[in-house]
Participant: 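The structure is given below, and queries will be raised subsequently.
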Number of protein chains: 2
Amino acid sequence: MKPETEFMEGPTQRQRDVLDAVLRLLVEEGDKITMASVARRASCSKETLYKWFGDRDGLLTAAVKWQASKVRVSPVDPRNPDLQSLTESLEGYARDWLKVISSDTSIALNRVAIGHAGTGKDNLGAIVLENGRFAMAKRLKPVLEAGRNAGLLCFEDTETAFRTFFGLVGRDVQIRLLLGDWPGLTEAAIAEDAARATRQFLALYGVGKSHSVKHGRK
Amino acid sequence: MKPETEFMEGPTQRQRDVLDAVLRLLVEEGDKITMASVARRASCSKETLYKWFGDRDGLLTAAVKWQASKVRVSPVDPRNPDLQSLTESLEGYARDWLKVISSDTSIALNRVAIGHAGTGKDNLGAIVLENGRFAMAKRLKPVLEAGRNAGLLCFEDTETAFRTFFGLVGRDVQIRLLLGDWPGLTEAAIAEDAARATRQFLALYGVGKSHSVKHGRK
DNA sequence: CAAGAACCGTAACGTACGGTACGCGCACGA
DNA sequence: TCGTGCGCGTACCGTACGTTACGGTTCTTG
């Protein structure tokens, strides 16, 4: 079930190559990839796969973690932002997020994680969530709170504010992509969506000159 | 691949019972349900399953369509709403939607549809999308436009306005549920979320007394 | 009631795939 | 130079499951 050493220092170069092959196959064939197809594509033997990753689930888990470790982005945290830099930060995060969720790899990974979420056999769903939605929250919350400290934003609960931003950015995009629909997210469309979401978020939570919108609980 | 008659008048009572059994099994076991387990649960023979539904995919497709046909809801369309009734309509739709996407059946169905979306073998994804996200749009758009005609809302593109509402209502709920997370949607939480989403939507698109927020394109 | 269809339960078949075993080549250290 | 070990390729095994076939039972219809 488990390899002797759960490579505590990260996978070796060769292992990383194998995991990249898994990711590519996942994009092409989805969850119906077979151990044999992985071995063929990665030019390694099945025995090696089992020695390194334990079993099929271990291989999938390792691939998901490997992908997660690749997408770490720069955690910029503007200390004392003005409205301009806050807006740019939010737009940047929104663009990054839309780019991620519309990428082939993310779609494929989310699909297999969702497929496995029903079985309870592994925790792929938790891993994807941790490195997707929750990682984004961790990155963004300091920005939101900095904006509040600077008197630019007004909210009580950071989590609620973040989730609102998340909804304004993502809308129906992710579910449509996962279900095979194609919302057509070009670079330009992403930029426009990010700008719109940021504008709407600031309209709701911004302490602007012309308006202040209530949004406390009932 | 296809049964002789694609039951043009809808499934018979017995067939509906079988499909209900499929739905129940889908909730319990996800996509790993077997033809044998369905036959056992539904007390029918495998031969009958193949005669009625062609093959495994046909059975799954029929089950998804059957579920879709069950959730048709009342298409209320307030003709000349005031702010009060518009708010209530929006909140009602939001509550319905949250209730649907957090139901066991919806989660299970979305999971199998997403799992199949990678393969291109069938169009489960399209069916789910058509009866989920797109059906909601079709129901809600007349309400939004009635609100605009009554001078309560202001937007250019109905689709864009709808997607904003969709995002404000759903936020991260659906993806978290699909990935096995449990946001804890009680009846009360749903009501509160629906109210908050409606409030935020009206803040963005409402022609209220105290403010008018710009949201046109750049 | 008789004849035939529909359907149930189960056995059987073929295949795909996860997992294992083994032989060979190649690199590296003594 | 000779082990020694890692990893590639491949053959093999067991099982699960989709699909088909068949005998027996119940339901419909004339």
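Below, chains carry the letters A, B, ... as their sequence lines are ordered, and counting in each starts from 1.
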Participant: Hey, does the side chain of A:W52 come within less than 4.0 Å of D:dC6's phosphate (OP1/OP2), counting only N and O?
Facilitator: no
Participant: If we count only N and O atoms by modelled type, under 3.5 Å, do the side chains of A:D57 and A:T61 hold a donor and an acceptor together?
Facilitator: no
Participant: Measuring to OP1 and OP2 of D:dG9, would you say a side-chain N or O of A:S45 lies under 4.0 angstrom away?
Facilitator: no
Participant: To the nearest Å, how far apart are A:E29 CD and C:dA16 C1'?
Facilitator: 14 Å
Participant: Quick one: is C:dC8 close enough that its OP1 or OP2 comes under 4.0 Å of any side-chain N or O from B:R14?
Facilitator: yes
Participant: B:L60 CG to D:dG18 C1': how many Å, rounded?
Facilitator: 13 Å
Participant: Without decimals, in angstroms, what is the distance between A:L59 CG and C:dG19 P?
Facilitator: 10 Å
Participant: Among D:dT19, C:dC17, D:dC8, which nucleotide has an atom closest to any side-chain atom of A:T34?
Facilitator: C:dC17
Participant: Out of C:dG9, C:dC7, D:dC8, which has the shortest distance to the side chain of A:C44?
Facilitator: D:dC8
Participant: Calculate the interatomic distance between B:L49 atom CG and C:dG9 atom P; express it in whole Å.
Facilitator: 11 Å
Participant: Has A:Q15 got a side-chain atom pairing as donor or acceptor with A:T12's backbone, closer than 3.5 angstrom?
Facilitator: yes
Participant: Of the listed nucleotides (C:dC22, D:dT19, D:dG23), which one gets closest to any side-chain atom of A:E47?
Facilitator: C:dC22
Participant: If we count only N and O atoms by modelled type, under 3.5 Å, do the side chains of A:N149 and A:E145 hold a donor and an acceptor together?
Facilitator: no
Participant: Less than 4.5 Å apart, any side-chain heavy atom of A:V128 and any of A:R133?
Facilitator: no
Participant: May I ask you to verify whether the side chain of B:K46 and the base of D:dT19 hold a donor-acceptor pair under 3.5 Å?
Facilitator: yes
Participant: Indicate yes or no for a side-chain donor-acceptor contact from A:R16 to the backbone of A:P11 under 3.5 Å, with no hydrogens or angles considered.
Facilitator: yes
Participant: Nearest whole angstrom, please: distance from the P of C:dG18 to the CZ of A:F53.
Facilitator: 15 Å
Participant: Between atom OH in B:Y50 and atom P in C:dA6, what is the gap in whole Å?
Facilitator: 20 Å
Participant: To the nearest angstrom, how far is B:M35 atom CE from C:dC13 atom C1'?
Facilitator: 16 Å
